[in-house]
Amino acid sequence: MAEAQAPLRAPKGTQDVLWPESTRWAELVARFARRVGLAGYGLALTPLFEEARLFRRGIGEESEVVGKEMYEFTDRGGRDMALRPEGTAPVVRAFVQHHPPVPWKAWYVTPAFRYEQPQAGRYRQHHQLGVEVLGTDDPDLDVEVVSLAAAFYGDLGLRRVELSVNSMGCAEDRPAYVAALREYLASRRDELCDEHRGRLEANPLRVLDCKRPRCRAVTEEAPRMVDFLDEACAAHFGRVRAGLDALGVAHRLEPRLVRGLDYYTRTTFEFAATALDTAQNAVGGGGRYNGLAEAIGGPPTPGIGFGIGIERLLLACDAEGAFPLAPPVPDAFVVDLTGGEVARDLAEELRRAGLAAERAFDGRSAKAQLRQADRSGARLAVIVGAEELAAGTARVKDLRGTAPELAVARAAVVERVRALVAGREGGPS
RNA sequence: GUGGCCGUAGCUCAGUUGGUUAGAGCGCCAGGUUGUGGCCCUGGAGGUCGGGGGUUCAAGUCCCCUCGGUCACCCCA
């Protein structure tokens, strides 16, 4: 016999999203698809797992995501595989593999897996919406990508979202900046927090991320990457900011914005939901990654994209009272008091006519069926008892309004339902 | 990975210094109305008190371990 043990449940850091909450997810993704579809982006579907070296090369061996958090496993064929920790690398891999015509615009919706300590807004499996564009370094594309994300937040009714932008330069100008930053931080080493005092040599950019007051006081006055940009990078960034201004996309320069994945170059950006008072208030972020395609073995190809975390986005919506839950309701609920055959046939007939129809099962009482009809939110009840069955009619009852309850011929039920749903009273005939 | 707080019905929560068969509200089911929902009344179903071990005559209550949630660090979506 099996010994007593804890009941099965969703793994730590994961969650089941059930109806009706899941209707928000479906609507969220639909609105995203519509928004980016208007700009010419098409859906890209790629595997949830890849060879682990894709992420090690693309994201960077030393990054937190790859180094400490990746779900890695050896498959039965001895291959070193990994569950995708983010959405960009697989899409770029697909681009390199299939070399579609450029500029290539893709969007995706995908789970992402990271082995971390869960808390609100941070999960071991979370879900991201995003876009990637490969094949052009045009700064106007950066503007398009950023403004798409901003527009999507607006589509959901979010108002309290702040956009930060920065430029991380490129392989030519960044070394000089890193050297200057390292020198500056070393000169004020004693003022840094314990953790970064020892690590500033290895990765000075990380110190810019630190949220502790001690480090922030130091980095406040640190050299800024934007002051080290070479001519081309400076021109690029200038055009990006001018473009955002031209489109009315409010943003603020955040010289300390350094994103965690190694592949970023030039433009980086992040959206923070200020309605969330937790540490997990980043609801989206991205940037340009002109070296990524080459890093994973493809031809040098500029690219840019962003990722948006669905769970956090919904938390932000809740915090603002935006994007409320609105599950679809049936147009009609068929109440059958004669054994169920009528409900079976009438519900099908209504559905074939394009109307949303529900019904009860298990031969429940009239009261129970009507109660279920009411709870379902159905606009109408279509009631058939012995009398109606004998007369070949059905009673159509308005559960939400004042239309009179009428007995209509079976053949006229669809028409009557359609008329009432369309908002017309449809007088007695 | 580290530390704080929390874990009782589907949900939100009571449960007094450890003391008989663990409660409420909401939700669900049924009846009141052998064919008409919402309001109301009555009744009912539903709980390994997260899991395991220990202390005790006796543990939801105390102790240890563990799992999960949450908050902070860290990192990011």
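In the text below, chain A, chain B and the rest are named by the order of the sequence lines, each starting its count at 1.
The salt bridge (charged side-chain N to carboxylate O under 4.0 Å, His left out) contacts involving residues 353-371 of chain A comprise nothing, where partners must be two or more places apart or lie in separate chains. Among residues at least two apart or in separate chains, side chain to side chain donor-acceptor pair (under 3.5 Å) pairs with a member in residues 40-54 of chain A are A:Y41-A:E144, A:T46-A:R84, A:E50-A:R93, A:E51-A:R53. Counting only residues at least two apart or in different chains, salt bridge (charged side-chain N to carboxylate O under 4.0 Å, His left out) contacts with residues 309-325 of chain A comprise A:R24-A:D318.
If you check every strand for non-hydrogen atoms under 4.0 Å, A:R9 touches sugar and phosphate atoms only. Among the protein residues, A:A368 comes within range of the sugar-phosphate backbone only, with heavy atoms under 4.0 Å from sugar or phosphate atoms but none that close to a base. Within the 4.0 angstrom heavy-atom criterion, only backbone atoms of the sugar-phosphate kind lie near A:A120; the bases stay farther away. No engagement by A:G377 is indicated, since no non-hydrogen atom pair under 4.0 Å with the nucleic acid exists. Among the atoms of the strands shown, none is found under 4.0 Å from any heavy atom of A:G130. Contacts of A:G385 with the nucleic acid, taken as non-hydrogen atoms under 4.0 Å apart, include base atoms.
In terms of the side-chain contact (heavy atoms from CB on, under 4.5 Å) criterion, residue partners of A:E220 (sequence neighbours excluded) are, by chain and number, A:R256. A:R160 pairs by the salt bridge (charged side-chain N to carboxylate O under 4.0 Å, His left out) definition with nothing, not counting sequence neighbours. Applying the salt bridge (charged side-chain N to carboxylate O under 4.0 Å, His left out) test to A:R31 and every residue at least two apart in sequence or in another chain returns A:E27. Listed by chain and number, the residues in a side-chain contact (heavy atoms from CB on, under 4.5 Å) with A:E270 are A:L257, A:R259, A:A282 (sequence neighbours excluded).
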Detail all sub-3.5 Å separations between protein N/O atoms and N/O atoms belonging to nucleotides 2-5 of chain B.
none

Show the distances under 3.5 angstrom between N or O atoms of the protein and N or O atoms of nucleotides 37-42 of chain B.
from	atom 1	to	atom 2	distance (Å)
B:G37	N1	A:L399	O	3.2
B:G37	N2	A:D374	OD1	2.8
B:G37	N2	A:L399	O	2.8
B:G37	N3	A:D374	OD1	3.4
B:G38	O4'	A:D374	OD2	3.3

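The base of B:A77 does not come close enough to the side chain of A:R122 for any donor and acceptor atom to sit less than 3.5 Å apart. Side-chain atoms of A:E405 and base atoms of B:U36 include a donor and an acceptor less than 3.5 Å apart.
A heavy-atom distance below 4.0 Å to RNA chain B is reached by these residues of residues 309-327 of chain A, ordered by number: A:G309, A:R312. For RNA chain B, the residues of residues 387-395 of chain A within the heavy-atom distance limit of 4.0 Å (strictly under) are A:E387, A:E388, A:R395, sorted by number.
Few gaps surround CZ on A:R400; more than 12 heavy atoms of other groups in view lie less than 6.0 Å from it.
By the stacking rule of 5.5 Å between ring centres and under 30° between planes, A:H127 does not stack on the base of B:A77.
Relative to the side chain of A:P118, the nucleotides B:C73, B:G31, B:G69 differ in distance, and B:G69 lies closest.
Remark: the separation of the C1' atoms in B:U55 and B:U61 is 14 Å, to the nearest Å. For the C1' atom pair drawn from B:A22 and B:U16, the interatomic distance equals 15 Å after rounding to whole Å. Between B:G23 and B:U48, the two P atoms lie 15 Å apart (nearest whole Å). Nucleotides B:C62 and B:A24 place their P atoms 24 Å apart, quoted to the nearest Å.
Counting all heavy atoms, side chain and backbone alike, A:A273 lies closest to A:V283 at CB-CG1, 3.7 Å.
A stem is defined here as three or more consecutive Watson-Crick or G-U pairs, each with both distances under 3.5 Å; for RNA chain B these stems are B:1-7 with B:67-73, B:10-13 with B:23-26, B:28-32 with B:40-44, B:50-54 with B:62-66.
A:W25 is listed as a side-chain neighbour of A:H127, based on a closest heavy-atom distance under 4.5 Å.
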